[in-house]
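Everything below concerns the one structure shown next.
On a predicted model such as this, the values are computed, not experimentally measured, just so you know.
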Amino acid sequence: MKVAAAVKDGKIAHTIAESTEVLIVTEEDGKPVAKDTVALGEKGITSVLFQLSQQNIDILLAGEVGTALQSTLRMLGMHVLPGCTGDAIDCIAGLLSGEKVGDPSKIVIPEVDEDDPMNCMHDCAKCIANTEKLDLCE
């Protein structure tokens with residue numbers, strides 16, 4: 001299993017977009033067997049997601065995570081543990097030793113803007129219910 005942490009200056013970054021590197025620890029039989037660091041640079045969240053997708057990470061420790069980003073990371077095969085703070089190595093060691101790590105309440109749920117035409121992206125039934133019936137057979 002690979003456990004990773006989004007890191008800035010050795011600590012868990014407040015958000016994944018703010019991270020400068022990802023610390024990856026490979027675990028076998030409950031013990032760390034390898035440690036690697038992937039530099040992320042400053043190219044933005046798309047670059048970060050691309051680099052994360054190449055690492056086969058199972059669990060990602062992070063600070064605050066938005067719902068859209070969490071869904072994207074799940075599609076990449078990663079389980080996200082939000083609400084992690086402090087030293088990245090200590091957080092990963094805690095997780096591997098069975099400690100509870102993170103705080104699920106740190107999933108950031110954006111406020112719904114009723115004027116936003118894309119506010120229903122996760123529930124297309126809203127669109128169907130709010131549109132006039134279209135006759136596509138004409």
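Atom CG of residue Asp103 and atom OG1 of residue Thr85 lie 9.0 Å apart, to the nearest 0.5 angstrom. Within the model, atoms CG of Asp9 and CD of Glu21 stand 8.5 Å from one another, a figure rounded to the nearest 0.5 Å. Separating the CD1 atom in Ile24 from the CD1 atom in Ile57 is a distance of 4.0 Å, to the nearest 0.5 Å. With rounding to the nearest 0.5 angstrom, the CZ atom of Arg74 is 12.5 Å from the CG atom of Leu60. The distance from atom CG of Leu76 to atom OG of Ser71, rounded to the nearest 0.5 Å, is 11.0 Å. Taken to the nearest 0.5 Å, the CG atom of Leu49 stands 11.5 Å off from the CD atom of Gln54.
No chain of hydrophobic side-chain contacts below 4.5 Å, direct or via other Ile, Leu, Val, Met, Phe, Trp or Tyr residues, connects Ile16 to Leu23. There is a path of hydrophobic side-chain contacts, each under 4.5 Å, that joins Val25 to Val7. Under the 4.5 Å side-chain heavy-atom criterion for ILVMFWY residues, no single connected hydrophobic cluster contains both Leu73 and Leu61. Ile92 is connected to Ile59 through a chain of hydrophobic side-chain contacts under 4.5 Å among Ile, Leu, Val, Met, Phe, Trp and Tyr, so both are in one cluster. When the side chains of ILVMFWY residues are joined at heavy-atom separations under 4.5 Å, either directly or via intervening members, Ile89 and Met1 end up in a single hydrophobic cluster.
For the residue pair Gln55 and Lys2, the shortest heavy atom distance occurs at O-NZ, 3.1 Å. When all heavy atoms of Val65 and Gln70 are compared, the pair lying nearest together is CG1-N, 3.8 Å. Scanning all heavy atoms of the two residues, the minimum distance from Glu18 to Lys8 falls at O-CD, 3.5 Å. Contact record, Val101 with Cys91: CG2-O, 3.8 Å, taken as the closest heavy-atom pair.
Counting heavy atoms from C-beta on, the side chains of Gln51 and Leu40 come closer than 4.5 Å. For the pair Val33 and Glu27, the minimum side-chain heavy-atom distance is 4.5 Å or more.
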Given the rule in the side chain to side chain contact (heavy atoms under 4.5 Å, CB included) test, do Ile12 and Cys84 qualify, once you have shown the distances and angles that lead to the verdict? CA-CA 7 Å; Ile12 302 286; Cys84 297; 4.1 Å; yes
Evaluation steps, side chain to side chain contact (heavy atoms under 4.5 Å, CB included), between Thr37 and Val22: CA-CA 6 Å; Thr37 303; Val22 175; over 6 Å; no
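Heavy-atom neighbours of Glu28 CD from other residues, nucleotides or ligands within 6.0 Å: at or below the threshold of 12.
Residues forming a side-chain contact (heavy atoms from CB on, under 4.5 Å) with Ala93 (at least two apart in sequence, or on another chain): none.
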